[in-house]
There are 2 protein chains.
Amino acid sequence: MTPSPALLAQLGEVFREYGFEGASLSQITRATGLGKGSLYHQFPDGKDEMAACVLDEIGAWFEAQIYAPLRIAPDPAAAIALMMRNVETYFRSGRRVCLVGVFATGAVRDRFADRIAAYFTAWRDALATALGRLGRPDPAGLAEDAVAAIQGGLVAARAWDDPAVFARVLHRAQARLLGT
Amino acid sequence: MTPSPALLAQLGEVFREYGFEGASLSQITRATGLGKGSLYHQFPDGKDEMAACVLDEIGAWFEAQIYAPLRIAPDPAAAIALMMRNVETYFRSGRRVCLVGVFATGAVRDRFADRIAAYFTAWRDALATALGRLGRPDPAGLAEDAVAAIQGGLVAARAWDDPAVFARVLHRAQARLLGT
DNA sequence: AAACTTCTGTACCAATCAGTACAATCCTAA
DNA sequence: TTAGGATTGTACTGATTGGTACAGAAGTTT
């Protein structure tokens, strides 16, 4: 039983907007257009399974669009710049929260601990790899700071309801990464 | 009707752990030892009012312990270093989430928009004031980045379930603030 | 067309939810 | 001690919750 990427994207948006606890089945059926019968048919373990599938889909997207390019691109500096552009697009300039980050700071953190940690680890490590190839000092620390800056930039942009905040934080983080 | 700071602290911990939607009245009565009659007597508008009072209490604490010292301390560099130490203590080395940040990325963001934005603004501005007095370049940008780093450090520490991450992010953020 | 498989709709369930009402209890001032 | 105000406990409410069961509809294969 493989849920479609489109369905997982819809589920993801409900979880982003309402969080895990706040995303009731009513809201999910409304957002997806599927009834409870359909949802339970595809996700017999209920909301937990939906969220786990969504996290896996997000992880796969990031692997393809963010992490892998950082590891293998011939020009690490260009790859880092591209990462930042893709991050700005993916998070809708800070208007869309990072679902993994939201789960990390919520009551469901332990339920999805492996997936959450894996997402952050893969990102930090891929970025550190690119920084290492670029010859930047302390690649692990710079990578860790960048991942934190992106998460913090999202929180701040939401707090101020101002996407320009996210853009500025990203821009300055990129400059620190590249030493420019 | 002024709820005691101790009660507000207990409420704050329930909201931190379960989020706004997930913090049921059952959990709140359990955590506070007060029955529903008592809670509704003190907070006639229910959970919204509880959360608003908690946010105000947090804001007041930050004003006294974090923002005001940044604005008025004779030695801005020492004030910034003290801020970081206090932040590390307050957030229990990253084990305790920032409730304002959690609300900022949740469905209740709009309900408490003024309080959330005010918390972030006061912090950024107080820090920028200290940086300005220190003669640091782009104090507003540095301040914004530091506030984002703290938030992002909290998310990352939770994601990795590793307080050392928060400490490292704080340490490096402080070095950037002070130019050391 | 018939048989089989997959998917959907919906009635139902027990539990929980936030909130209301108010009697009872506790506390304080005179 | 009494009266009045503050606080608490709890029964009750209608609504919502996640989940179950399964008949019926839809899709696919022969």
Side-chain angles (χ1 to χ4, degrees), chain A residues 1-57 99 102-103 106-113 115-116, chain B residues 1-57 99 102-103 106-113 115-116:
Chain A
M1 189 71 262
T2 305
S4 78
L7 173 57
L8 292 177
Q10 289 171 322
L11 286 173
E13 290 307 324
V14 179
F15 284 127
R16 282 187 187 87
E17 174 152 14
Y18 298 105
F20 185 82
E21 294 295 331
S24 65
L25 280 218
S26 297
Q27 279 158 338
I28 291 171
T29 58
R30 207 176 304 130
T32 60
L34 295 180
K36 287 216 269 183
S38 303
L39 286 170
Y40 275 95
H41 181 79
Q42 297 201 48
F43 305 98
D45 290 333
K47 270 170 72 178
D48 275 23
E49 191 178 342
M50 294 178 210
C53 289
V54 168
L55 289 176
D56 289 344
E57 181 81 1
L99 184 60
V102 166
F103 279 4
V108 297
R109 195 275 306 265
D110 293 344
R111 214 177 305 183
F112 303 113
R115 290 173 172 86
I116 292 169
Chain B
M1 190 73 263
T2 305
S4 78
L7 173 58
L8 292 176
Q10 288 171 323
L11 286 173
E13 291 308 324
V14 179
F15 284 127
R16 283 187 186 87
E17 176 152 11
Y18 300 105
F20 186 83
E21 295 295 331
S24 66
L25 279 216
S26 296
Q27 279 158 340
I28 291 171
T29 59
R30 207 175 303 131
T32 59
L34 295 181
K36 286 217 268 184
S38 303
L39 285 169
Y40 275 96
H41 181 81
Q42 297 203 47
F43 304 99
D45 289 334
K47 270 169 75 179
D48 275 22
E49 192 177 342
M50 293 177 210
C53 289
V54 168
L55 290 176
D56 288 343
E57 181 81 2
L99 183 59
V102 166
F103 280 3
V108 296
R109 196 275 308 266
D110 293 343
R111 214 176 308 183
F112 303 112
R115 290 175 172 84
I116 291 169

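Residue numbers start from 1 in every chain, and the chains themselves are labelled A, B, ... in the order their sequence lines are given, proteins ahead of strands.
Checking the phosphate oxygens (OP1, OP2) of D:dT16, no side-chain nitrogen or oxygen of A:S24 falls inside 4.0 Å. Residue B:S26 has a polar side-chain atom (N or O) positioned under 4.0 Å from OP1 or OP2 of C:dC17.
Summarising the geometry of A:I116 relative to A:R109, their closest heavy-atom pair is CD1-O, 3.8 Å, with the distance given to 0.1 Å. Across every non-hydrogen atom of A:C53 and A:L8, the tightest pair is CB-CD2, 3.7 Å.
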Identify each atom pair where a protein N or O and an N or O of nucleotides 21-26 of chain D are less than 3.5 Å apart, giving names and distance.
none

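Between A:H41 atom NE2 and C:dT6 atom P the separation is 7 Å, expressed in whole Å. One interatomic measurement links the two molecules: CG of A:L39 to P of C:dC7, which rounds to 13 Å at whole-angstrom precision. Between A:L25 atom CG and D:dT16 atom C1' the separation is 11 Å, expressed in whole Å.
Taking A:D48 as the reference, A:F20, A:R111 meet the side chain to side chain contact (heavy atoms under 4.5 Å, CB included) condition, with sequence neighbours excluded. A:A52 meets the side chain to side chain contact (heavy atoms under 4.5 Å, CB included) test with A:F112, A:R115; sequence neighbours excluded. Residues that satisfy the salt bridge (charged side-chain N to carboxylate O under 4.0 Å, His left out) test with B:E49, not counting sequence neighbours, are absent from this structure.
Legend: side-chain hydrogen bond (donor to acceptor under 3.5 Å, both in side chains) pairs involving residues 9-19 of chain B, not counting sequence neighbours, sorted by first then second residue: B:E13-B:R16, B:E13-B:R96, B:R16-B:Y90.
Side-chain atoms of B:S38 lie closest to D:dG9 of the nucleotides D:dG9, C:dG19, C:dT8. Distances from the side chain of A:Q42 to the nucleotides C:dT8, C:dA18, D:dT20 place C:dT8 closest.
One finds the CG atom of B:L11 at 10.5 Å from the CG atom of B:L99 (value rounded to the nearest 0.5 Å). Distance CZ/A:F103 to CG/A:D110: 13.5 Å, rounded to 0.5 Å.
Residues from residues 45-54 of chain A with heavy atoms under 4.0 angstrom of DNA chain D, sorted by number: A:G46, A:K47. At a non-hydrogen distance threshold of 4.0 Å, nothing from residues 7-21 of chain B comes into contact with DNA chain D.
At a threshold of 4.5 Å between non-hydrogen side-chain atoms, the residues A:F43 and A:L7 count as touching.
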Pairs of donor and acceptor atoms involving the side chains of residues 25-35 of chain A, under 3.5 Å and at least two apart or interchain, shall be tabulated with distances.
residue: A:Q27; atom: OE1; partner: A:S24; partner atom: N; Å: 3.0
residue: A:Q27; atom: OE1; partner: A:S24; partner atom: OG; Å: 3.2
residue: A:T29; atom: OG1; partner: A:L25; partner atom: O; Å: 3.2
residue: A:T29; atom: OG1; partner: A:S26; partner atom: O; Å: 2.8
residue: A:T32; atom: OG1; partner: A:I28; partner atom: O; Å: 2.7
residue: A:T32; atom: OG1; partner: A:L34; partner atom: N; Å: 3.2

